[in-house]
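Some notes on the structure that comes next.
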Amino acid sequence: MQFIINKMVLNNQTIAHIRKDFPILEEKIYNKPLIYFDNAATTQKPLQVLEKIEYAYKHLNSNIHRGVHYMSIKATEAHEEARDVVARFIKASKREEIIFTRGSTEAINLVAFSFGEAFCKEGDEIVISAMEHHSNIVPWQLLCERKNLKLRIVPINDKGELILDEYRKLLNERTKLVAVAHVSNVLGTINPVKDIISIAHEHDIPVLLDGAQAIPHIAVDIEDIDADFYVFSAHKIYGPTGIGVLYGKEKWLNLMPPYQGGGEMIDKVTFEKTTFNSLPFKFEAGTPDYIGSTALAEALKYVENIGLDAIVHYEHELTVYATEALSTIDGIKFYGTSDRKSAVISFNVGNIHPYDIGMLLDKMGIAVRTGHHCAQPLIDFYEIPGTVRASFAFYNTKEEIDVFIAALKKAIAMLS
């Protein structure tokens with residue numbers, strides 16, 4: 001099947017062309033061609049992003065914002081242009097609402113600390129879901145311990161879907177914030193975030209969405225879904241590690257105290273008192289990763305050039321193809337069977353430990369993720385030690401899936 005969406009036709013020919021942009025896909029693992037199905041953990045980087053990083057260090061490396069010389073001015077312009085690219089990508093109307101962080105984890109910690117300091121008091125409640133990544137659990141636990149709050153959990157059903165009727169029952173006058181994943185990193189479930197946000201807003205409760213797994217696979221319109229906070233990491237969307245984004249509505253960011261203190265986030269400093277900079281700089285203490293921000297912008301442009309609609313359809317086709325092939329294996333059990341899924345498949349086979357399957361697949365050149373996937377409470381819900389997780393990107397192919405299925409059957413035969 002072909003998809004003619006936006007600017008590109010995704011078929012065998014164009015995927016082969018795209019794969020040439022990712023040199024790591026030519027690697028050999030134990031003398032086998034690399035098949036990389038660990039994209040939910042991190043994505044590979046196209047040459048355009050790698051070259052952007054190299055160019056910036058070779059030609060524009062200079063600290064930004066306060067310099068008056070040429071390189072500082074150019075580096076500043078590139079960094080601030082990257083903020084505009086991010087705002088455009090998620091359809092945010094105000095660039096001041098885009099805060100650069102070290103990634104989704106730091107972005108959530110920023111909100112947990114700063115929002116918690118401004119708005120939470122003893123006896124208040126924070127609502128999260130049973131499918132959250134540790135990054136969207138632990139910061140809220142720390143807040144609850146610091147301020148003596150209560151953490152409430154939205155349950156899920158056996159298909160890995162949030163039970164919205166139970167969610168409604170959790171919200172009350174003590175609820176200060178809801179924080180949920182847009183897409184589960186284990187189950188692939190695409191949560192009904194517009195409904196989740198609408199229900200919370202009926203009670204004037206703000207919502208944070210962890211978009212780390214959504215941003216490479218779903219077109220995000222931040223004003224349409226009406227999220228109060230949205231976070232994602234560059235390395236999940238073909239960009240560098242160590243940089244990410246917090247989107248926050250201006251009204252909240254203005255009321256929240258800074259997360260960190262230092263250079264750049266200040267207006268005026270005296271030994272008696274410090275006043276703080278305007279948005280977005282109020283939350284960007286110290287020298288920012290201006291190389292990373294420009295590389296992130298390049299990654300987003302790369303995705304835009306292909307077209308997210310095309311990516312969504314192609315990755316869905318890969319996921320359906322892999323699921324159907326896996327379904328022919330005796331003893332396989334899937335975790336996350338919602339009708340609305342992203343490009344993630346988690347499974348176990350019989351009583352075989354997922355780690356053993358992952359190790360044997362690795363010897364055959366296939367990279368999958370095994371274990372609890374930084375979601376131990378979710379794994380405990382299913383009463384299992386972990387899963388094997390295969391996660392796809394637009395540079396993967398059905399031919400790779402065929403090799404994966406054959407290798408998996410071989411591994412099962414060896415371990416049975």
Side-chain angles (χ1 to χ4, degrees), residues 86-87 90-92 94 97-120 124-144 146-147 149-154 162 164 167 170-171 174-185 189-215 218 220-233 236 244-259 279-280 283 374-375:
V86 172
I90 64 172
K91 296 181 172 59
K94 297 180 180 178
E97 295 177 323
I98 303 300
I99 311 296
F100 286 119
T101 66
R102 289 184 299 158
S104 299
T105 299
E106 184 179 63
I108 295 170
N109 275 275
L110 188 163
V111 176
F113 178 84
S114 296
F115 184 91
E117 289 301 299
F119 298 106
C120 296
D124 287 339
E125 298 178 354
I126 303 294
V127 172
I128 64 173
S129 87
M131 65 173 67
E132 298 307 315
H133 188 281
H134 295 165
S135 294
N136 204 28
I137 300 174
V138 180
W140 306 112
Q141 289 177 327
L142 294 174
L143 170 61
C144 289
R146 190 170 72 248
K147 306 277 283 190
L149 313 182
K150 186 173 183 179
L151 195 64
R152 307 293 299 275
I153 312 301
V154 183
L162 296 180
L164 290 187
Y167 166 61
L170 291 177
L171 303 182
R174 295 183 300 276
T175 309
K176 292 302 178 183
L177 185 135
V178 174
V180 297
H182 193 165
V183 173
S184 167
N185 72 305
T189 305
I190 302 172
N191 283 319
V193 293
K194 288 188 71 171
D195 292 336
I196 290 168
I197 292 168
S198 177
I199 293 167
H201 284 179
E202 290 173 6
H203 300 269
D204 296 321
I205 300 167
V207 178
L208 177 145
L209 295 181
D210 177 358
Q213 296 296 327
I215 201 74
I218 297 172
V220 174
D221 185 331
I222 203 68
E223 298 202 342
D224 179 58
I225 60 177
D226 200 23
D228 298 276
F229 303 99
Y230 197 95
V231 308
F232 67 90
S233 300
K236 303 287 191 184
V245 170
L246 164 65
Y247 161 85
K249 285 184 178 178
E250 186 177 30
K251 69 173 184 178
W252 295 116
L253 295 177
N254 278 328
L255 292 169
M256 289 160 49
Y259 176 50
L279 297 176
F283 291 102
C374 292

Check your understanding: Would I225 and L209 satisfy side-chain contact (heavy atoms from CB on, under 4.5 Å), going step by step from the backbone distance to the final call?
Key -> CA-CA 10 Å; I225 60 177; L209 295 181; 3.7 Å; yes

Only counting residues at least two apart or in another chain, list the ones meeting side chain to side chain donor-acceptor pair (under 3.5 Å) with [X].
{"X": "S184", "result": "none"}
{"X": "Q141", "result": "none"}
{"X": "E97", "result": "none"}

Check your understanding: Does the side-chain contact (heavy atoms from CB on, under 4.5 Å) test come out yes or no for L110 and M256, once each step is laid out?
Key -> CA-CA 10 Å; L110 188 163; M256 289 160 49; 4.2 Å; yes

Please find the pair of heavy atoms, one from [X] and one from [Y], that lie closest to each other, and give the distance.
{"X": "A107", "Y": "V245", "answer": "CB-O, 4.0 Å"}
{"X": "P192", "Y": "L164", "answer": "CG-CD1, 4.1 Å"}
{"X": "C144", "Y": "L151", "answer": "SG-N, 3.9 Å"}
{"X": "P257", "Y": "S114", "answer": "O-OG, 2.9 Å"}
{"X": "P280", "Y": "I98", "answer": "CB-O, 3.4 Å"}
{"X": "F115", "Y": "P206", "answer": "CZ-CG, 3.7 Å"}

Working to the nearest 0.5 angstrom, can you tell me the gap between [X] [atom1] and [Y] [atom2]?
{"X": "D221", "Y": "I90", "atom1": "CG", "atom2": "CD1", "result": "9.5 Å"}
{"X": "I196", "Y": "I205", "atom1": "CD1", "atom2": "CD1", "result": "13.0 Å"}
{"X": "I108", "Y": "L143", "atom1": "CD1", "atom2": "CG", "result": "13.0 Å"}
{"X": "I137", "Y": "C374", "atom1": "CD1", "atom2": "SG", "result": "9.5 Å"}
{"X": "E132", "Y": "N185", "atom1": "CD", "atom2": "CG", "result": "9.0 Å"}
{"X": "Y230", "Y": "L246", "atom1": "OH", "atom2": "CG", "result": "12.5 Å"}

Exercise for review: Any chance you could lay out the side-chain contact (heavy atoms from CB on, under 4.5 Å) test for Y247 and V86, step after step, and finish with the verdict?
Suggested key: CA-CA 9 Å; Y247 161 85; V86 172; over 6 Å; no

**Study point:** With sequence neighbours excluded, residues passing ring pair (Phe, Tyr, Trp, His ring centres under 6.0 Å) with Y167
**Key:**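 Testing Y167 for ring pair (Phe, Tyr, Trp, His ring centres under 6.0 Å), a comparison that skips the adjacent residues, returns none.
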
Practice item. Sequence neighbours left out, what passes ring pair (Phe, Tyr, Trp, His ring centres under 6.0 Å) with F283? Give chain and number order. Key: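 So F283 forms no ring pair (Phe, Tyr, Trp, His ring centres under 6.0 Å) with any residue.
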
Any donor-acceptor N/O pair, [X] side chain to [Y] backbone, under 3.5 Å:
{"X": "T175", "Y": "L177", "value": "no"}
{"X": "S233", "Y": "S104", "value": "yes"}
{"X": "K147", "Y": "C120", "value": "yes"}

Practice item. Dump the intermediate steps for side-chain contact (heavy atoms from CB on, under 4.5 Å) on L255 and F119, then the final yes or no. Key: CA-CA 9 Å; L255 292 169; F119 298 106; 3.7 Å; yes

Going by the rule side chain to side chain contact (heavy atoms under 4.5 Å, CB included), which residues pair with [X] if we only count those two or more places apart in sequence or in a different chain?
{"X": "T105", "value": "N109, S135"}
{"X": "I218", "value": "H182, V183, I190, A214"}
{"X": "A112", "value": "P139, W140"}
{"X": "R152", "value": "E125, V127, K150, L170, N172"}

Check your understanding: Can you list every pair that meets salt bridge (charged side-chain N to carboxylate O under 4.0 Å, His left out) and has a residue in residues 104-118, with sequence neighbours left out?
Key ->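 Every salt bridge (charged side-chain N to carboxylate O under 4.0 Å, His left out) pair that includes a residue of residues 104-118, provided the two are not neighbours, is R102-E106, E117-R146.
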
Review point. What residues, two or more places apart in sequence or in another chain, satisfy salt bridge (Lys or Arg N to Asp or Glu O under 4.0 Å) together with K91?
Key: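 Partners of K91 under the salt bridge (Lys or Arg N to Asp or Glu O under 4.0 Å) test: none.
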
Practice item. Among residues two or more places apart or on two chains, list those pairs meeting side chain to side chain donor-acceptor pair (under 3.5 Å) that have a residue in residues 200-211. Key: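 Found H201-D226, H201-D228.
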
